[in-house]
Amino acid sequence: MQQQPLLTWLPLASLGAQYIPVQASVPMPDLSRVQYFLPENSALYANNMLLRLQLANQLASSPVNRCLPLPLNCKVDLPCFGGEKRKPLDDTDISQETKKAKLETRALKAKRPGFSDERYNETDYYFENGLRKVYPYYFTFTTFTKGRWVNEKILDVFAKEFRAHPPEVYERCIKSGSLTVNYNKVDTDYRLRHNDLLANLVHRHERAVVSDPIQIVHMDDDFVVVNKPPSIPVHPCGRYRHNTVVFILAKEHGLKNLRTVHRLDRLTSGLLIFGRTAGKTRELEQQIRTRQVSKEYVCRVEGKFPDDEVICEEPIRVVSYKIGVCKVAPDGKDCRTDFRRLSYNGSTSVVLCKPLTGRMHQIRVHLQYLGYPIVNDPLYNHTVFGPEKGKGGVQNKSDDQLIGDLISIHNAESVLGLDESDIESPLLLPSEDLAKKDSAKTVGQVARPSEVAEESLKQDQLTTQSEQKFEPESPSSVQSTCDKSRITFDENCAECKMNFKDPQPEDLIMYLHALKYSGKDWSFNTPLPKWADENWKEE
């Protein structure tokens, strides 16, 4: 029987109230089945097999007259208009991990805050040697193919992009099926395509952080303000997930679905503001973006800082986003920091810092330029920037030379605080047998390592051994709460076979603290840290 076109309208969630027409070819006497075709001339164009399968399941379980959103270039078969329901397409071929990955991606794109209870409960904390630690757990890393990887062989991409492990390691992962494409095993000569989903299930070991509790400074219906201890990242990145502020607040304080208003470097302690509603979060973000918020930091620097106020307006340029290094340069971005000495103990000074702009590492770079680097800054208080540690600017060294020297010194001293597994995305950690991991007690989850790896390089800067004495206040620092039966071992996990020495708590801090944030009709502040007391002495 002749088919006649039927014009149907489907709303697209990301376009608000806008609609686009969708042409459907329908056998008019039988409306039990219909095929939807969407044109490719739209901003929502998507040509991904997993997205189409996920969509097919969603549509197959919903009445067509509900008007669900569709990705473009999508063709699906589904029951409609009261016809007999059919089984969702290829339902048996879509694993639970696939569904979790797609839901996570959609939530991230929608900028929904927080994580599910299942994710929060995938492991627990224990305390030992003054540190907060996380029991090892299984975790599925996923990332979509980047544009520069398209049409390249999967093994060549890993060998070229991620050099922490030799190509043989990646070859073993691919051949064993540990590292998959669209959750399917592929050959080492498989050529990546647009929107291919790379996934690997790994036995994850998180880095330890100091055991100090996160103190709640203020909480109401709109905001949560906390005093962040040093060494704890704000949100999941690199080798940190549960040992982050957002996870700790959710797991220990029941504060979930928080929205980040601003961030602090991992080693920086102090005031951190979260929004509880989208509207108030955007409002405060706008105030910070338009420089309506006054920010005050306190730090301890080498030497006797000048008595008078010092204003530094030197432009700052990012030398490398990958390893997170900046310097003063004529072609950098305009910025300004006002400094005033608060005290001097004969060898070091406590300085109040007021950044009027928010450039990356602005306070640290300006202090380095002035010749008063932060006492235990693992990066900018180093002779790699020159005999005077970058005072007056980096002299006689190109960006490439500086980056090369930093990496070389890192290999010898861990000045960047990045071990080889940090430089590489955890997606690529060796994991030979997924079948063995399926029987584990801990359930793997999903993340986006394409962003995680880059973020870890920016933030994961551990200090080298320092001389300052740090005294954690948490009672958990005195005794261990570790349940050794929960320390799982995976024979295919490289980290399980290594003995790592715990860092000392004093190696996980930097003397830089966010003291006070003030707006037009609001102000939040924290107490001064112990090291900022005028009578504080190094021990």
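- Between the OH atom in Tyr517 and the CG atom in Leu284 there is a gap of 10.0 Å [rounded to 0.5 Å].
- For the pair Leu192/Leu198, a side-chain contact is recorded, criterion being any heavy-atom separation below 4.5 Å from C-beta on.
- Looking at Ser349, its side chain never comes within 3.5 Å of a backbone N or O of Tyr344 through a donor-acceptor pair.
- A 4.5 Å side-chain heavy-atom check between Arg340 and Asp338 finds every atom pair outside the cut-off.
- Lys537 and Asn345 share no donor-acceptor pair across their side chains, judged by distance under 3.5 Å alone.
- Of the possible polar contacts, none joining the Glu152 side chain to the Trp149 backbone as a donor-acceptor pair under 3.5 Å is found.
- For Glu122 and Arg204, the salt-bridge test fails: no basic side-chain N is under 4.0 Å from an acidic carboxylate O.
- The shortest distance between side-chain heavy atoms of Leu406 and Leu379 falls below 4.5 Å.
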Subject >> Audit row: Asp265, Arg364, side-chain contact (heavy atoms from CB on, under 4.5 Å) steps and yes/no >> reply: CA-CA 11 Å; Asp265 289 341; Arg364 299 163 67 185; 3.5 Å; yes
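- Between Leu271 and Asn525, the closest side-chain pair of non-hydrogen atoms is not below 4.5 Å.
- The backbone N or O of Arg317 lies less than 3.5 Å from no partner atom in the side chain of Asp331, so there is not a single donor-acceptor pair.
- Side-chain rings of Tyr380 and Phe385 approach one another, their centers coming within less than 6.0 Å.
- By the neighbour-count criterion of 12 heavy atoms within 6.0 Å, atom NZ of Lys389 is densely surrounded, having more than that number from other residues, nucleotides or ligands.
- Using a 4.5 Å heavy-atom cutoff, the side chains of Ser320 and Asp399 are not in contact.
- A side-chain N or O of Ser523 and one of Ser518 form a donor-acceptor pair less than 3.5 Å apart.
- In this structure, CG on Asn129 lies 11.0 Å from NZ on Lys501, to the nearest 0.5 angstrom.
- Using a distance-only test at 3.5 Å, with no hydrogens or angles considered, a donor-acceptor pair links the side chain of Asn376 to the main chain of Ile509.
- Counting heavy atoms from C-beta on, the side chains of Phe305 and Val310 come closer than 4.5 Å.
- Of all the heavy atoms in Ala278 and Arg259, the pair that sits closest is N-NE, 3.5 Å.
- In terms of heavy atoms, His513 sits closest to Gly270 at CE1-CA, 3.3 Å.
- Of the possible polar contacts, none joining the Gln395 side chain to the Gly386 backbone as a donor-acceptor pair under 3.5 Å is found.
- Pairing each heavy atom of Val186 with each of Ile174, the nearest pair is O-CG2, 3.4 Å.
- The backbone N or O of Arg241 lies less than 3.5 Å from a partner atom in the side chain of Thr244, making a donor-acceptor pair.
- Atom OH in Tyr240 sits 7.0 Å away from atom OG in Ser231 (nearest 0.5 Å).
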**OP:** Please test His366 against Cys335 for side-chain contact (heavy atoms from CB on, under 4.5 Å), starting from the C-alpha separation and ending with a verdict.
**Re:** CA-CA 10 Å; His366 273 174; Cys335 51; 3.6 Å; yes
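- In plain terms, the two heavy atoms of Leu197 and Tyr183 that are nearest each other are CD2-CE1, 3.5 Å.
- Nearest heavy atoms, Gly275 versus Val261: N-CG2, 3.6 Å.
- Under the 3.5 Å distance criterion, the side-chain polar atoms of Thr357 are matched with a main-chain donor or acceptor of Arg336.
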Subject >> Derivation of the side-chain contact (heavy atoms from CB on, under 4.5 Å) call for His205 and Phe500 >> reply: CA-CA 11 Å; His205 298 249; Phe500 292 98; over 6 Å; no
**OP:** Verify salt bridge (Lys or Arg N to Asp or Glu O under 4.0 Å) between Lys280 and Glu283, making sure each step is shown before the conclusion.
**Re:** CA-CA 5 Å; Lys280 288 296 183 179; Glu283 181 181 321; 3.8 Å; yes
**OP:** Under the side-chain contact (heavy atoms from CB on, under 4.5 Å) rule, what do Val365 and Val328 come out as? Steps first, then yes or no, please.
**Re:** CA-CA 7 Å; Val365 174; Val328 166; 3.9 Å; yes
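- To the nearest 0.5 angstrom, Arg132 atom CZ is 6.0 Å from Ile232 atom CD1.
- Using a cutoff of 4.0 Å between basic side-chain nitrogens and carboxylate oxygens, Glu161 and Lys146 are not scored as salt-bridged.
- The side-chain heavy atoms of Lys333 and Ile316, taken from C-beta on, include no pair separated by under 4.5 Å.
- Taking each heavy atom of Leu508 and Ala208 in turn, the nearest pair found is CD1-O, 4.1 Å.
- Heavy-atom neighbours of Asp334 CG from other residues, nucleotides or ligands within 6.0 Å: at or below the threshold of 12.
- A distance-only check finds no donor-acceptor pair linking the side chain of Lys520 to the backbone of Gln287 [under 3.5 Å].
- Taking the six-membered ring for Trp, Phe115 and Phe247 have ring centres closer than 6.0 Å.
- Heavy atoms of other residues, nucleotides or ligands lying less than 6.0 angstrom from NZ of Lys175 number 12 at most.
- With hydrogens and angles disregarded, no donor-acceptor distance shorter than 3.5 Å links the side chain of Asn227 to the backbone of Val217.
- Leu179 CG to Tyr170 OH: the interatomic distance, rounded to the nearest 0.5 Å, is 10.0 Å.
- Relative ring orientation between Tyr125 and His242 is described as perpendicular, the plane-to-plane angle rising above 60° on a 0-90° scale split at 30° and 60°.
- Annotation: side chain of Ile214 is not in contact with side chain of Lys228 (no heavy-atom distance under 4.5 Å).
- The distance from the CZ atom of Phe274 to the CG atom of Asn257 is 12.5 Å, given to the nearest 0.5 Å.
- For Asn396, the CG atom counts as loosely surrounded, since its 6.0 Å shell holds 12 or fewer non-hydrogen atoms of other residues, nucleotides or ligands.
- Counting heavy atoms of neighbouring residues, nucleotides and ligands inside a 6.0 Å radius, atom CG of Asp308 does not exceed 12 of them.
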